[in-house]
Colleague: 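Handing you a structure now.
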There are 2 protein chains.
Amino acid sequence: MKRGRKPTIDAADITRAAIAVADAEGLAAVSMARVAQEMGNATMALYRHVKSKDELLTLMADAAFDEPPALPDGEWRDKLGAWARAMLGGIRRRPWFLQIPMSGPPTGPKSLAWFDSALGALEGTPLEAGEKVGVVMGLMTFVHGEAWLSVALTKGFENDPAQFSREYGQRLREIVDPRRMPALAKIVAAGVFDVDDLFDADDVAADFDFGLHLFLEGVATHIGGRA
Amino acid sequence: MKRGRKPTIDAADITRAAIAVADAEGLAAVSMARVAQEMGNATMALYRHVKSKDELLTLMADAAFDEPPALPDGEWRDKLGAWARAMLGGIRRRPWFLQIPMSGPPTGPKSLAWFDSALGALEGTPLEAGEKVGVVMGLMTFVHGEAWLSVALTKGFENDPAQFSREYGQRLREIVDPRRMPALAKIVAAGVFDVDDLFDADDVAADFDFGLHLFLEGVATHIGGRA
DNA sequence: CCCTTTATGCGTACCTCATACGCAAAACCT
DNA sequence: AGGTTTTGCGTATGAGGTACGCATAAAGGG
């Protein structure tokens, strides 16, 4: 038998509590004291199961995602599209995920399962193994970037909605000198930014779809040139 | 004339000092006290010119980049490619840029200049104003995501190089169950991860180029369908 | 059944930071 | 010079991460 007093909590419990706090109040609210309070323990009790706050953050990142979803039948393109949207959804559900620094290549079971899922979508295409990896990495990268942008803008919007109203287009008209920035000036003049809500959720989704479309289009062309 | 004591420093000085600290010791080392010491002032003196640390961070983000580079003559594709590579280079030179949370749509002169530069590359294409914005946003997003990944991996690599050696491929062979992750298992078996240095700088650059190629290919197809 | 061994729970204390507040020095105005 | 305004900055407060050490609980040995 194991000697010594029995542990009443373990790292998984702490991770769960920390995630609960992050979900409810954001990653900034995750302090050792706050997490301990969440579980009804003393602050320093946590350090018996977790070396440091950094380690706790890594554990949180590992546990943040659900299993990858089942992909629809059909073309690789539909599958990858669904995969990308699911990943975006996952990040949006836990936006604090983006603030946790990565410390190495993926080894967690969840990350690998997602990786596998995307690679599976490319089964049946004439791409070489290395190319498949490249395509999936590129897509991950795009989704990650898009999520980051959208999360950042969401936060900004919550802090100061006025920034995203027609005020922004107006402001640009004042700042942008047509001589120094001719291309931007044309876009501003065309009224692209003259909308009531620059951060309309549907627009953000449409932007994502557009970028995703472009990327997948590129993959299709690449596959075409190979077949 | 202005009344009152003359300021001995201004926000730009503080921003410069903060950037010097971040360049030398990372963003984590940027505290108000550390920045003040860097300039030979007292900590609280900074608050006369900067409302909060958050504001300082925003100023830093604005000042982190150089002016956008002159783009090569030729096709929009070459121009956008050069632009994306320049942006990646800029982020790599100041990796801490990625850790600064965005608080709204871009209004800084530098950000706008970069935006204008990319839009200028699309001049002459039959895209509508809104589509140009979409393309540029998508590309920015991709570059940002790629930079984030590469910076994160660089840090991980510095902390523990062994993680990125052949050990990784070996580890995957053990972890990946061909029944649960068939697609990944195939890739692993194909030896894609069996390289001495998974994080070879040239490989990372090649990955970026591949993803960039795919994205631009997609834009080309989209333009083709429009003309 | 008591004593030693071992591991946990956690109170105390220290250090680093961001920042509110207030006073004194400096520069302008009359 | 005296008043006014603005800057420089010392002090103080409160939050957060974590080293340290003691008390407590559980298991094994006699």
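By convention in this document, chain letters (A, B, ...) are assigned in the order of the sequence lines, proteins followed by strands, and residues within each chain are numbered from 1. Here the structure is a predicted model, which means the values were calculated and not measured.
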Colleague: Considering only C/dG9, D/dG17, C/dA18, which nucleotide approaches the side chain of A/Lys53 most closely?
Modeller: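 Nucleotide nearest to A/Lys53's side chain: D/dG17.
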
Colleague: 5'-most contact on DNA chain C: A/Ala42 or B/Tyr47, nearest heavy atom basis?
Modeller: A/Ala42

Colleague: Check the phosphate of D/dG8 against B/Asn41, side-chain N and O only, distance under 4.0 Å to OP1 or OP2. Yes or no?
Modeller: no

Colleague: Is there a side-chain polar atom (N or O) of B/Lys6 under 4.0 Å from OP1 or OP2 of C/dA27?
Modeller: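 Answer is no, no contact under 4.0 Å.
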
Colleague: When you check the gap from the basic side-chain N to the acidic O, do B/Glu167 and B/Arg171 get nearer than 4.0 Å?
Modeller: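 Result for this pair is no, no salt bridge flagged.
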
Colleague: Checking B/Arg180 against A/Asp116 for the side-chain contact (heavy atoms from CB on, under 4.5 Å) test, could you report, in this order, the C-alpha distance in whole Å, the side-chain angles of both residues, the deciding distance, and whether it holds?
Modeller: CA-CA 9 Å; B/Arg180 300 181 60 84; A/Asp116 173 75; over 6 Å; no

Colleague: What is the distance, to the nearest angstrom, from the CD1 atom on B/Ile9 to the P atom on D/dT6?
Modeller: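 Checked: the CD1 to P distance equals 17 Å.
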
Colleague: How about CZ on A/Arg34, more than 12 heavy atoms from neighbouring residues, nucleotides or ligands closer than 6.0 Å, or not?
Modeller: yes

Colleague: For D/dG17, does OP1 or OP2 lie under 4.0 Å from any side-chain N or O of A/Ser52?
Modeller: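 Result: no.
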
Colleague: Kindly indicate whether the side chain of B/Arg5 and the base of D/dT6 share any N or O donor-acceptor pair separated by less than 3.5 Å?
Modeller: no

Colleague: Output the single nucleotide from D/dA19, C/dG22, D/dC22 whose closest atom is nearest the side chain of A/Arg48.
Modeller: D/dC22

Colleague: Distance from B/His49 atom NE2 to B/Thr15 atom OG1, nearest 0.5 Å?
Modeller: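 Going from NE2 on B/His49 over to OG1 on B/Thr15, the span is 11.5 Å.
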
Colleague: Hey, which sits more toward the 5' end of DNA chain D by its nearest nucleotide, B/Gly4 or B/His49?
Modeller: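 By nearest-heavy-atom nucleotide position, the 5'-most residue is B/Gly4.
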
Colleague: Centre-to-centre under 6.0 Å for A/Phe215 and A/Phe210, is that the case here?
Modeller: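 Centroid separation for A/Phe215 and A/Phe210: 6.0 Å or greater.
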
Colleague: Pick the nucleotide of DNA chain C nearest each of B/Arg3 and B/Asp54; which residue has the one closer to the 5' end?
Modeller: B/Asp54

Colleague: C/dA20 P sits how many Å from B/Lys51 NZ, rounded?
Modeller: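 Rounded to the whole Å, the gap is 12 Å.
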
Colleague: Rounded to whole Å, please give me the gap between CE in B/Met44 and C1' in C/dC23.
Modeller: 13 Å

Colleague: What's the CG-C1' distance between A/Asp10 and C/dG9, to the nearest Å?
Modeller: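 Interatomic distance, CG of A/Asp10 to C1' of C/dG9: 15 Å.
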
Colleague: For the pair made of CG in A/Leu46 and P in D/dG16, what is the distance, rounded to whole Å?
Modeller: 14 Å

Colleague: Measure the spacing between CH2 of B/Trp83 and CG of B/Leu119 and express it to the nearest 0.5 Å.
Modeller: 9.0 Å

Colleague: Which one of B/Val21, B/Ile91, B/Ile19 satisfies the side-chain contact (heavy atoms from CB on, under 4.5 Å) criterion with B/Trp96?
Modeller: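 The side-chain contact (heavy atoms from CB on, under 4.5 Å) with B/Trp96 is passed solely by B/Ile19 among B/Val21, B/Ile91, B/Ile19.
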
Colleague: Kindly state which residues belonging to residues 29-39 of chain B come within less than 4.0 angstrom of DNA chain D, counting heavy atoms of the residue only, listed by number.
Modeller: none

Colleague: Before accepting this row, confirm whether a basic side-chain N of the pair A/Lys110/A/Asp66 lies closer than 4.0 Å to the acidic partner's carboxylate O.
Modeller: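 No, A/Lys110 and A/Asp66 are not salt-bridged.
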
Colleague: Which part of the nucleic acid, if any, lies within reach of A/Thr43 when heavy atoms closer than 4.0 Å are counted: base, sugar-phosphate only, or nothing?
Modeller: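 Counting heavy atoms under 4.0 Å across all strands, the contact made by A/Thr43 includes a base.
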
Colleague: State whether the side chain of A/Asp13 and the backbone N or O of A/Asp10 hold a donor-acceptor pair below 3.5 Å, judged by distance alone.
Modeller: yes

Colleague: Quick one, B/Leu57 and B/Met60 - any side-chain contact, counting heavy atoms below 4.5 Å?
Modeller: yes

Colleague: Wobble G-U and Watson-Crick pairs count when both distances are under 3.5 Å; given that, what is the 5' to 3' dot-bracket string of DNA chain D, with | for pairing to other strands?
Modeller: ||||||||||||||||||||||||||||||

